[in-house]
S.K.: 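Below is the structure I would like to discuss, written out as structure tokens.
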Amino acid sequence: MFDNLTERLQNSFKVLQGKNKLSESNIKEAIREVRRALLEADVALEVIKVFLDQVQTKVLGLKVGQGLTPAQAFIKLVEIELTEIIGGEAESLDLKIQPPAVIMLAGLQGAGKTTSIAKLALYLKQRENKKVLVVSADVYRPAAIEQLEVLAKQVEVNFFPSTIDDKPSDIVASAKKYAQKQFFDVLLVDTAGRLHIDEQMMDEIKVLQKKVNPIETLFVVDSMTGQDAAHTAKAFADALPLTGVILTKIDGDARGGAALSVRHITGKPIKFLGVGEKIDTLEPFHPERVVSRLLG
Ligand code: GDP
């Protein structure tokens with residue numbers, strides 16, 4: 001994960017190695033190198049700017065000599081500011097309501113929505129001891145409904161059947177009623193994905209979201225698309241009251257531009273990372289852990 005960026009950042013810090021103080025010129029050089037590393041990682045420009053402005057302001061007040069070399073003090077500052085820009089504190093799911101807590105997932109086709117529903121179902125069942133029901137409101141692709149059924153079997157959670165002849169809002173209303181009667185804690189709703197964000201898709205999902213009124217609406221996005229992931233998520237966040245983002249395919253992402261950009265661009269927290277094709281590869285997002293891994 002983020003191997004290229006890790007290597008590039010480590011190289012940028014070399015500028016300060018062996019220096020016994022932070023000077024205007026070596027700070028400038030280090031910041032220039034970090035900037036280059038972030039650009040190569042496809043981090044959004046405005047994120048790089050805000051981040052480096054913070055570093056630049058705070059680097060002047062750094063106290064070197066209390067057990068930290070100038071290079072270490074600078075790295076520590078980068079660590080703190082990166083953690084801040086990708087989310088600060090970890091934010092978990094809000095499930096504190098009268099059950100069933102409805103969680104709706106949205107995203108473009110291929111982002112990893114259906115897989116993430118199954119991963120989340122397993123996570124909630126195993127880690128949070130929840131009784132989970134899943135349903136597909138993707139009435140455009142019969143294969144999508146079948147895919148969810150297969151995955152639900154695999155993770156051993158209940159599947160609420162639907163067909164392409166049903167209306168998405170009716171499907172979810174029936175599933176919710178069933179979940180209430182059968183005392184499910186959580187209802188996970190898969191929605192239709194499209195190849196692009198278009199008006200029809202947005203209108204449809206807005207209507208569904210209003211009707212279902214989920215406690216969590218999570219946008220699922222492929223981290224391999226770099227800063228585009230953040231901009232796509234922003235378009236959704238502008239149209240829907242999103243409560244968070246699931247960033248998938250982190251395992252194949254050497255650059256990290258999406259992970260570093262999403263929070264700042266959307267204002268919404270990343271809540272989970274998809275880190276593999278297998279069904280048990282969903283990790284709650286902890287900004288400080290991700291940054292410490294990133295810095296190696
Ligand atoms: P959907 O169209 O958004 O529902 O996408 P799918 O759930 O069908 O996923 C599309 C592809 O991405 C599938 O081949 C998944 O196995 C793969 N995928 C999903 N999440 C991850 C992940 O975190 N890592 C990797 N490597 N592959 C993933």
Side-chain angles (χ1 to χ4, degrees), residues 1-4 103-124 126-127 132 134-155 157 159-160 162 164 168 171-172 175 187-198 200-202 204-205 208-209 214 216-226 228-230 232-233 235-237 240 242 244-260 262 270-286 289-290 293-294:
M1 149 187 175
F2 312 153
D3 294 349
N4 293 354
I103 303 178
M104 189 167 111
L105 265 57
L108 297 181
Q109 199 171 308
K113 240 175 322 97
T114 310
T115 314
S116 296
I117 290 254
K119 288 181 180 184
L120 197 52
L122 183 66
Y123 174 87
L124 290 170
Q126 282 186 339
R127 305 268 280 273
V132 181
V134 299
V135 66
S136 174
D138 185 352
V139 294
Y140 297 98
R141 293 190 311 136
I145 302 176
E146 279 162 33
Q147 185 193 354
L148 185 63
E149 185 170 16
V150 169
L151 288 170
K153 265 205 192 103
Q154 211 176 317
V155 296
V157 300
F159 167 81
F160 187 85
S162 52
I164 52 167
I171 294 173
V172 182
L187 170 64
L188 294 176
V189 180
D190 199 2
T191 59
R194 297 283 167 78
L195 291 175
H196 308 283
I197 294 183
D198 55 53
Q200 194 197 353
M201 177 195 197
M202 283 301 183
E204 228 175 63
I205 196 140
L208 186 62
Q209 210 268 350
E216 290 275 356
T217 303
L218 303 175
F219 185 68
V220 180
V221 66
D222 179 347
S223 73
M224 308 271 279
T225 58
D228 277 354
T232 315
F236 264 78
L240 285 179
L242 281 192
V245 172
I246 298 181
L247 210 49
T248 62
K249 309 186 195 181
I250 287 282
D251 49 306
D253 180 15
R255 301 194 300 166
L260 265 55
V262 162
I270 300 173
K271 293 203 169 173
F272 290 95
L273 298 178
V275 295
E277 278 184 81
K278 292 215 187 96
I279 224 71
D280 60 351
T281 53
L282 188 75
E283 289 183 2
F285 183 70
H286 292 285
R289 282 187 216 164
V290 169
R293 251 196 274 176
L294 171 64

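All ligand and atom numbering here is 1-based and tracks the order in the structure. We use all heavy atoms of the structure for the numbers below, so side chains are in, but hydrogens, waters and symmetry mates are not. Index from 1, following the sequence.
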S.K.: For ligand 1, which atoms sit closer than 4.0 Å to a heavy atom of Gly274?
M.R.: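 In order of number, 23 (O).
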S.K.: Go through Val155 and Leu151 one step at a time and tell me if the side-chain contact (heavy atoms from CB on, under 4.5 Å) criterion holds.
M.R.: CA-CA 6 Å; Val155 296; Leu151 288 170; 5.8 Å; no
S.K.: Would Thr217 and Ile103 count as a side-chain contact (heavy atoms from CB on, under 4.5 Å) if you check the C-alpha gap in whole Å, the side-chain angles of each, and the deciding distance to 0.1 Å?
M.R.: CA-CA 6 Å; Thr217 303; Ile103 303 178; over 6 Å; no
S.K.: Identify which of Gln147, Glu277, Met224, Lys119 has a heavy atom lying nearest to atom 20 (N) of ligand 1.
M.R.: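 Selected option, by shortest heavy-atom distance: Lys119.
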S.K.: Take Lys271 and Glu216 through the test salt bridge (charged side-chain N to carboxylate O under 4.0 Å, His left out) and record every step on the way to the result.
M.R.: CA-CA 11 Å; Lys271 293 203 169 173; Glu216 290 275 356; 3.0 Å; yes
S.K.: Would Ile145 and Phe159 count as a side-chain contact (heavy atoms from CB on, under 4.5 Å) here? Give the steps.
M.R.: CA-CA 10 Å; Ile145 302 176; Phe159 167 81; 3.9 Å; yes
S.K.: How far is atom 11 (C) of ligand 1 from its nearest protein heavy atom, and which residue and atom name does that atom have?
M.R.: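 For atom 11 (C) of ligand 1, the nearest protein heavy atom is Lys249 NZ, 4.1 Å.
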S.K.: Is ligand 1 less than 4.0 angstrom away from at least one heavy atom of Val220?
M.R.: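 Per 4.0 Å heavy-atom rule, Val220 does not contact ligand 1.
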S.K.: If the plane angle is over 60° it's perpendicular, under 30° parallel, otherwise tilted; pick one for Phe219 and Phe236.
M.R.: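 The arrangement is tilted - the two ring planes meet at 30° to 60°.
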S.K.: For atom 5 (O) of ligand 1, which protein heavy atom lies nearest, and how many Å away is it?
M.R.: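 Residue, atom and distance for the closest contact: Gly112 N, 3.1 Å.
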S.K.: For Thr248 and Val221, indicate whether the former's side chain and the latter's backbone hold a donor-acceptor pair under 3.5 Å.
M.R.: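 Between the backbone of Val221 and the side chain of Thr248 there is a qualifying donor-acceptor contact (under 3.5 Å).
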S.K.: Identify the two heavy atoms, one from Ile279 and one from Lys119, that lie closest to each other, and give their separation to 0.1 Å.
M.R.: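 So the two residues come closest at O-CG, 3.3 Å.
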S.K.: Can you tell me the protein heavy atom closest to atom 26 (N) of ligand 1 and the distance?
M.R.: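 Looking only at protein heavy atoms, the one closest to atom 26 (N) of ligand 1 is Asp251 OD2, 2.7 Å.
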S.K.: According to the side chain to side chain donor-acceptor pair (under 3.5 Å) rule, which pairs have a member within residues 135-145, sequence neighbours left out?
M.R.: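 Passing the test, one end in residues 135-145: Tyr140-Arg194, Tyr140-Glu204.
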S.K.: With a cut-off of 4.0 Å, which atoms of ligand 1 are near a heavy atom of Leu108?
M.R.: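 Listed by number with element, the hits are 3 (O).
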S.K.: List the closest protein heavy-atom neighbour of atom 10 (C) of ligand 1: residue, atom name, distance to the nearest 0.1 Å.
M.R.: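 Going by distance alone, atom 10 (C) of ligand 1 is nearest to Gly110 O, 3.7 Å.
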S.K.: Nearest protein heavy-atom contact for atom 3 (O) of ligand 1: which residue, which atom, what distance?
M.R.: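 The answer is Lys113 N, 2.7 Å.
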S.K.: So that I can tick it off, tell me whether Arg127 and Glu283 are bridged by a salt bridge, with the cut-off set at under 4.0 angstrom between side-chain N and carboxylate O.
M.R.: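 Salt bridge: no.
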S.K.: Counting non-hydrogen protein atoms only, what is the nearest one to atom 6 (P) of ligand 1? Give residue, atom name and distance.
M.R.: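 For atom 6 (P) of ligand 1, the nearest protein heavy atom is Thr115 OG1, 3.4 Å.
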S.K.: Would you say Ala111 touches ligand 1, if touching means a heavy atom closer than 4.0 Å?
M.R.: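 The answer is yes, since Ala111 has a heavy atom less than 4.0 Å from ligand 1.
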S.K.: Please state whether Gly276 comes within less than 4.0 angstrom of ligand 1, counting heavy atoms only.
M.R.: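 It does, in that a heavy atom of Gly276 comes within the 4.0 Å cut-off of ligand 1.
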S.K.: Within ligand 1, which atoms have a heavy atom of Val275 less than 4.0 Å away?
M.R.: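 Listed by number with element, the hits are 23 (O).
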